[in-house]
Amino acid sequence: MTKRSNQRGRYRKGQARREHILLSAMQVFERRGLGAFSVQDVADAAEVAKSVVLYYFNDRQRLLDALLESVLSPLLKAQGDAIEEAGSDPREQMRRW
């Protein structure tokens with residue numbers, strides 16, 4: 001049982017680190033914009049090695065994709081929920097959208 005709970009603990013730590021890197025990436029993106037956004041800047045902001053950022057995201061593009069998904073995902077879910085609540089009336093769906 002100890003081994004299993006330890007694996008879950010590592011998973012949670014890994015998820016927490018990934019989230020920390022994404023938050024740091026958001027801060028870098030807000031300060032510098034897309035043109036000056038680099039993996040090294042994110043690593044510096046997250047206070048981890050560049051290799052750690054690359055371990056979780058592979059490259060700059062995948063890091064940007066994950067960042068975009070983390071921002072848009074809650075918005076798209078809220079939009080879908082609002083449309084679903086509107087029922088089958090297309091006008092009400094558009095109004096809620």
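FYI, side chains are in, hydrogens and waters are out, and symmetry mates aren't considered; it's all heavy atoms of this structure.
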Side-chain donor/acceptor of Arg32 to backbone N/O of Ser38, under 3.5 Å: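 Side chain of Arg32 to backbone of Ser38, a donor-acceptor pair under 3.5 Å: no, none is there.
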Under 3.5 Å: donor-acceptor pair, side chain of Ser70, backbone of Leu67: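 Between the backbone of Leu67 and the side chain of Ser70 there is a qualifying donor-acceptor contact (under 3.5 Å).
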Rounded to the nearest 0.5 Å, what separates atom [atom1] in [X] from atom [atom2] in [Y]?
{"X": "Lys13", "Y": "Arg17", "atom1": "NZ", "atom2": "CZ", "value": "9.5 Å"}
{"X": "Leu76", "Y": "Asp81", "atom1": "CG", "atom2": "CG", "value": "11.0 Å"}
{"X": "Phe29", "Y": "Ser24", "atom1": "CZ", "atom2": "OG", "value": "15.0 Å"}
{"X": "Asn58", "Y": "Leu63", "atom1": "CG", "atom2": "CG", "value": "10.5 Å"}

Which atom names give the shortest non-hydrogen contact between [X] and [Y], and what distance separates them?
{"X": "Leu34", "Y": "Leu64", "value": "CD1-CD1, 3.6 Å"}
{"X": "Val28", "Y": "Ala45", "value": "CG2-CB, 3.7 Å"}
{"X": "Ala66", "Y": "Phe57", "value": "CB-CE2, 3.6 Å"}

Partners passing side chain to side chain donor-acceptor pair (under 3.5 Å) against Arg18 (at least two apart in sequence or in another chain):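 Testing Arg18 for side chain to side chain donor-acceptor pair (under 3.5 Å), a comparison that skips the adjacent residues, returns none.
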Evaluation steps, side-chain contact (heavy atoms from CB on, under 4.5 Å), between Asp59 and Arg62: CA-CA 6 Å; Asp59 58 30; Arg62 289 193 183 167; 3.4 Å; yes
For Val71, all residues meeting side-chain contact (heavy atoms from CB on, under 4.5 Å), sequence neighbours excluded: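 For Val71, the residues satisfying side-chain contact (heavy atoms from CB on, under 4.5 Å) (neighbours in sequence not counted) are Met26.
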Close side-chain approach of Phe37 and Val42, heavy atoms under 4.5 Å: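 Yes - at least one pair of side-chain heavy atoms lies under 4.5 Å apart.
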Side chain proximity check, Gln27 to Arg31, heavy atoms < 4.5 angstrom: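 A side-chain contact under 4.5 Å exists here.
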side-chain contact (heavy atoms from CB on, under 4.5 Å) between Asp65 and Glu69, worked out: CA-CA 6 Å; Asp65 290 347; Glu69 182 180 333; over 6 Å; no
Hydrophobic cluster identity match, Val39 and Tyr55, side-chain contacts under 4.5 Å: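 Shared cluster, yes.
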